[in-house]
Student: 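Dropping a structure here in structure tokens format, bear with me for questions.
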Amino acid sequence: MKFFIDTANIDEIREALSMGMVDGVTTNPSLVAREGRDFEEIIRDICEIVDGPISAEVISVEAEGMVEEARRLAAIHKNIVVKIPMTVDGLKAVRILNGEDIKTNVTLVFSPLQALMAAKAGATYVSPFIGRLDDLSQDGLVLVEQIVDIYANYGYETEVIVASVRNPLHVLESARMGADIATIPFNVLARLAAHPMTDKGLQAFLNDWNNRNK
């Protein structure tokens, strides 16, 4: 399973890179706005340090504007993947961009049929938002399972990026279902490596070492 980091913060990306846990990066307008910097400047900085897919999202809501933005973003670096919202206009844009070999990540997917339509339009990636479904008392992981099954049934090459990840269990169950990628916030990524028994065991080893020959 590939790990993407879901952030526009350069320090977080560098720290995750140092752990060998960054196969790619996803950003969105909210994450970029938190950084208080120019959007394209942030994307260029990420491209300099990460050798993998980097998702940058369009702001337009009409197909023509999405395509225009996508072409400009794709020209920044060969690793750019253009995030397109799951709308009718978004599907139109994905179809055009697929014909131009511009990679797309259809975002804000909340149903298996939306994911099926994104794949049929030619999306490179599709991003089901599981945490936001959990917030509505719906099981977001069921959506991941449904999409993985549908894509396997018909041999779609569109990769599933599990998004809106809130906890380590989301990553674990997505991996068990065969999702291609999880895009993980930095705070959750750090929690994946943690276990209280590991801490307890390490402390016991250190205590024994320090008490030797006493």
Side-chain angles (χ1 to χ4, degrees), residues 1-6 21-28 50-58 63 66-67 70 73-74 78-185 188-189 192:
M1 183 184 216
K2 288 174 278 191
F3 282 3
F4 288 3
I5 185 165
D6 192 31
M21 292 296 136
V22 179
D23 298 304
V25 179
T26 54
T27 67
N28 61 47
V50 175
D51 184 17
I54 297 162
S55 288
E57 189 161 345
V58 299
M66 292 181 194
V67 170
L73 290 169
K78 62 182 176 60
N79 288 341
I80 291 293
V81 176
V82 182
K83 283 180 86 172
I84 303 285
M86 178 54 222
T87 62
V88 170
D89 274 274
L91 293 173
K92 293 176 183 176
V94 168
R95 179 173 174 273
I96 293 170
L97 295 169
N98 184 46
E100 298 179 11
D101 291 328
I102 293 176
K103 294 180 179 178
T104 54
N105 172 4
V106 174
T107 188
L108 294 169
V109 168
F110 293 95
S111 81
L113 290 177
Q114 287 181 321
L116 175 58
M117 294 179 79
K120 286 180 68 65
T124 315
Y125 303 96
V126 64
S127 292
F129 275 49
I130 63 172
R132 297 192 190 185
L133 282 173
D134 288 356
D135 292 342
L136 298 174
S137 300
Q138 300 180 34
D139 189 345
L141 286 164
V142 171
L143 173 59
V144 175
E145 185 175 31
Q146 291 171 327
I147 296 172
V148 169
D149 285 347
I150 290 169
Y151 284 5
N153 286 345
Y154 297 100
Y156 285 115
E157 295 182 357
T158 303
E159 293 189 64
V160 178
I161 303 178
V162 178
S164 187
V165 168
R166 301 279 173 79
N167 56 63
L169 198 58
H170 279 161
V171 180
L172 171 62
E173 293 303 321
S174 296
R176 284 164 54 89
M177 293 170 184
D180 302 284
I181 303 152
T183 187
I184 309 169
V188 176
L189 186 66
L192 296 185

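Keep in mind the model is a prediction, meaning the values are calculated, not measured.
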Student: Tell me whether Glu100 at atom CD has more than 12 heavy atoms from other residues, nucleotides or ligands lying less than 6.0 Å away.
Tutor: yes

Student: With heavy-atom distances below 4.5 Å as the criterion, would you say the side chains of Leu91 and Met86 are in contact?
Tutor: yes

Student: Just verifying a value: how many Å separate Phe110 CZ and Leu143 CG, rounded to the nearest 0.5 Å?
Tutor: 9.0 Å

Student: Taking all non-hydrogen atoms of both residues into account, name the closest pair between Ile102 and Ala74 and its distance.
Tutor: CG2-CB, 4.0 Å

Student: Which atom pair, heavy atoms only, marks the closest approach of Ser174 to Ile130?
Tutor: OG-CD1, 4.5 Å

Student: Name the one of Ile184, Val50, Thr183 that satisfies side-chain contact (heavy atoms from CB on, under 4.5 Å) with Phe4?
Tutor: Thr183

Student: To the nearest 0.5 Å, what is the distance between CE on Met1 and CZ on Arg176?
Tutor: 12.5 Å

Student: Please find the pair of heavy atoms, one from Asn167 and one from Leu169, that lie closest to each other, and give the distance.
Tutor: OD1-N, 3.0 Å

Student: How long is the span from the CD1 atom in Ile147 to the CD1 atom in Ile161, to the nearest 0.5 Å?
Tutor: 11.5 Å

Student: How long is the span from the NZ atom in Lys120 to the OG1 atom in Thr158, to the nearest 0.5 Å?
Tutor: 11.0 Å

Student: Quick check on Arg95: does its CZ atom have over 12 non-hydrogen neighbours (other residues, nucleotides or ligands) under 6.0 Å away?
Tutor: no

Student: For a 4.5 angstrom cut-off between non-hydrogen side-chain atoms, does Tyr125 reach Ser55?
Tutor: no

Student: With Ser127, which residues qualify under side chain to side chain donor-acceptor pair (under 3.5 Å), at least two apart?
Tutor: Asn105

Student: How close do Tyr156 and Leu116 get, counting heavy atoms only, and between which atoms?
Tutor: CE1-CD1, 3.6 Å

Student: Can you find a heavy atom in the side chain of Thr87 that is under 4.5 Å from one in the side chain of Met66?
Tutor: yes

Student: Work out which heavy atom in Gly122 is nearest to a heavy atom in Thr104; give both atom names and the distance.
Tutor: O-OG1, 4.2 Å

Student: If every non-hydrogen atom of Lys83 is compared with every non-hydrogen atom of Thr27, which pair is closest and at what distance?
Tutor: NZ-O, 3.1 Å

Student: Any side-chain heavy-atom pair from Val94 and Val106 closer than 4.5 angstrom?
Tutor: yes

Student: More than 12 foreign heavy atoms under 6.0 Å from CG of Asp139: is that the case here?
Tutor: yes

Student: Can you find a heavy atom in the side chain of Thr107 that is under 4.5 Å from one in the side chain of Thr26?
Tutor: no

Student: Are Arg132 and Leu136 packed together at the side-chain level, in the sense that at least one heavy-atom pair is separated by less than 4.5 angstrom?
Tutor: no

Student: How long is the straight-line distance from CG of Asn79 back to NZ of Lys103, given to the nearest 0.5 Å?
Tutor: 7.5 Å

Student: When you compare the side chain of Asp6 with that of Ser164, does any pair of heavy atoms fall below 4.5 Å?
Tutor: no

Student: Roughly how far, to the nearest 0.5 Å, is the CD atom of Glu159 from the CG atom of Asp180?
Tutor: 4.5 Å

Student: Is the shortest heavy-atom distance from the side chain of His170 to the side chain of Leu141 under 4.5 Å?
Tutor: yes

